[in-house]
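From a predicted model like this one, the values you see are computed outputs, not experimental measurements. We count ligands from 1, going down the list as the structure has it; atoms in each ligand are counted the same way.
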Amino acid sequence: MGDAVKAVEGWVNNSKVLGRIAFLEVIDDLSLGVLTVVVKRSEVGPETWELVKKIKIGSAVRVEGVEPPEVVSRKGRELHALRVEVLAEPEEPLPVDVTGKTPAGLETRLEYRYVSLRLPAYRAIFVARARLARYTREYFEEKGFLEVHTPKLVGAGAEGGATLFRVDYFGGTAYLSQSPQLYKQMLMCGVPRVFEITPYFRAEKFDTPRHLNESWGVDAEMGFIRSHHDVMDILEGYVRHVSQRLDEEMGDELRRLGFRPLGKLGNIPRVTYREAIGIVEERGHRVEGEGGDLDTRAERILGEYMAEQGYDAYFIVDYPWEAKPFYIMREENGLSRSFDLDIRGTEIASGGQREHRRSVLYSNLVEKGLDPSSFKFYLEAFKYGMPPHGGFGLGFDRLLMKLLGLDNIREVVLFPRDRFHLVP
Ligand code: AMO
């Protein structure tokens with residue numbers, strides 16, 4: 001604290017004039033509270049005083065002033081103005097109430113995302129998102145993973161043909177990548193461990209609070225593993241690391257802003273698919289299609305059961321091979337070296353050990369009804385010393401949603417892409 005003159009730039013979120021003193025709430029930097037600018041008529045010229053009295057909420061301003069020796073504002077930071085300059089005024093009243101008194105609905109907030117970002121609670125989501133990306137890199141670098149960028153315009157899909165967005169590619173057909181699956185596996189023939197923070201493009205006609213047509217994922221792949229449990233160890237370490245870092249750095253602030261963050265995750269138990277079905281059926285829900293994936297209701301019931309046992313996060317392991325993609329390693333008993341990671345009833349990640357023996361992989365493709373000739377470039381990589389390997393794909397948006405205690409994925413994506421949102 002001193003008398004040094006400081007300049008801040010930002011937007012006016014609220015203003016109040018009390019006699020000869022005015023208070024402007026300014027959102028300036030990425031800190032998650034407003035700055036209270038105190039303007040005293042006696043300390044600024046009459047011109048500035050007139051301007052401040054009439055200032056419109058939402059204006060972009062530059063303020064020069066000094067920090068007071070003692071802050072009286074309950075909101076934390078304070079600046080006593082010497083000069084106020086209005087850089088831009090809103091043409092119309094703001095579409096989102098930045099004072100926070102009248103909450104806007106999700107649709108309005110999405111349409112005017114850039115304005116809603118002026119509210120500390122919405123800004124916080126994207127500060128947390130950027131941090132989550134940082135913690136991700138922190139973790140994987142420490143574990144010896146190389147960060148890679150695989151193509152998003154591709155010639156073949158990994159998760160089934162019906163869900164691809166088609167793109168005209170010089171008169172031919174390309175697709176938007178649904179997953180880095182094939183590429184991260186091919187890399188296992190040359191690099192021991194890779195990870196990628198990547199978009200997933202999926203063309204299903206989703207209409208749920210947890211699916212988007214463009215979402216972001218964290219993909220990891222590691223070679224020289226003994227089983228899918230080695231992969232789960234890395235994934236468990238990952239979610240525990242990021243949940244702890246977010247809690248340390250933002251937990252208090254998030255709670256102050258009204259979030260109910262998940263906090264630091266503890267041990268993550270591994271429940272088999274069979275056990276999971278047993279738990280769900282005991283609670284009166286029959287899982288249709290024996291050997292298939294858990295339906296939404298089954299996921300929710302299992303989530304409730306695990307919460308009662310004190311677990312927010314848990315793995316479901318050893319799914320029937322039928323329920324899993326061709327690249328997952330099959331066991332002789334019809335099960336597979338696979339897993340899903342769920343947090344409170346929502347699938348966050350899935351992965352497993354891969355089939356690295358080329359001839360078995362080839363017959364797996366055929367058995368799943370896929371045409372091996374479309375996967376020629378991929379199968380080629382299995383000729384040159386492909387080690388046993390495995391990995392996972394994790395929904396970055398879904399993880400963030402769960403860590404923040406939110407219940408719609410659109411809240412954590414700046415400009416979500418689904419069937420009903422392509423603009424802005
Ligand atoms: P999967 O298809 O299960 O696996 O995707 C991995 C994780 O990504 C997230 N996710 C989505 N999030 C939002 N909207 C969507 N439409 C969406 N689709 C997927 C989920 C999901 O658990 N290649 C495998 C992973 C692997 O085996 O490495 C894959 O893509 O959180």
Full working for side chain to side chain contact (heavy atoms under 4.5 Å, CB included) between Asp207 and Arg419:
CA-CA 8 Å; Asp207 191 7; Arg419 259 192 301 155; 3.7 Å; yes
Give yes or no for whether the N/O distance cutoff of 3.5 Å, strictly under, is met between Leu212 and ligand 1.
yes
Residue portion contacting ligand 1 (non-hydrogen atoms closer than 4.0 Å) for Lys184:
side chain
If you take the nearest heavy atom of each of Arg202, Lys402, Gln185, which one is closest to atom 19 (C) of ligand 1?
Arg202
When Leu35 is tested against each of Asp29, Leu79, Asn13 for side chain to side chain contact (heavy atoms under 4.5 Å, CB included), which residue passes?
Leu79
For Tyr200, is the NZ or CZ atom of Arg202 found under 6.0 angstrom from the centre of its six-membered ring and inside 45 degrees of the ring axis?
yes
Tell me whether ligand 1 is touched by Gly351 - counting only heavy atoms on the residue side and a distance under 4.0 Å.
yes
Walk me through it: do Arg77 and Thr36 pass the test side chain to side chain contact (heavy atoms under 4.5 Å, CB included)?
CA-CA 6 Å; Arg77 294 175 305 133; Thr36 305; over 6 Å; no
Near Ala349 (heavy-atom distance under 4.0 Å), the atoms of ligand 1 are 22 (O)
Would you kindly check if the NZ (Lys) or CZ (Arg) of Lys368 is within the cone defined by 45 degrees around the ring axis of Phe326 and under 6.0 Å from the six-membered ring centre?
no
Do the rings of His389 and Phe382 sit parallel, tilted or perpendicular, given the 30° and 60° boundaries?
tilted
Can you name the atoms of ligand 1, numbered from 1 with element, that are less than 4.0 Å from a heavy atom of Arg354?
26 (C), 27 (O), 28 (O)
Ligand-side contact atoms (ligand 1) for residue partner Arg210, heavy atom cut-off under 4.0 Å:
13 (C), 14 (N)
Among Gly390, Ser215, Ser350, Ala203, whose heavy atom sits nearest atom 4 (O) of ligand 1?
Ser350
Going by distance only, is there an N or O of Gly395 that falls short of 3.5 Å from an N or O of ligand 1?
yes
Consider every N or O of Glu221 and every N or O of ligand 1, then say whether any pair is closer than 3.5 Å.
no
For Tyr200, the atoms of ligand 1 under 4.0 Å from one of its heavy atoms are 8 (O)
If you apply the rule side-chain hydrogen bond (donor to acceptor under 3.5 Å, both in side chains), what do you find for Thr198 with Lys152, and how did you get there?
CA-CA 9 Å; Thr198 170; Lys152 304 306 149 202; 2.9 Å; yes
Nearest option to atom 6 (C) of ligand 1, as decided by whichever heavy atom of Gly393, Ala220, Gly391 sits closest:
Gly393
Are any of the N or O atoms of Glu347 closer than 3.5 Å to those of ligand 1?
yes
Strictly under 4.0 Å, does any heavy atom of Asp397 approach an atom of ligand 1?
no
Under a 3.5 Å distance rule, please check whether Lys205 uses its side chain to pair with a backbone N or O of Ala203 as donor and acceptor.
no
Do the non-hydrogen side-chain atoms of Glu299 and Asp342 ever get within less than 4.5 Å of each other?
yes
If you count the atoms of ligand 1 from 1 in the order shown, which ones are under 4.0 Å from a heavy atom of His211?
14 (N), 15 (C), 16 (N)
Any N/O of Ile409 closer than 3.5 Å to an N/O of ligand 1?
no
Heavy-atom distance to atom 24 (C) of ligand 1: which of Tyr327, Phe206, Trp216, Phe392 wins?
Tyr327
May I ask you to list the atoms of ligand 1 that are less than 4.0 angstrom from any heavy atom of Ser179?
23 (N), 30 (O)
Look at the rings of His211 and Phe206 and say which category their plane angle falls in: under 30° parallel, 30 to 60° tilted, over 60° perpendicular.
parallel
Do the two ring centres, one from Phe165 and one from Phe201, sit under 6.0 Å apart?
no
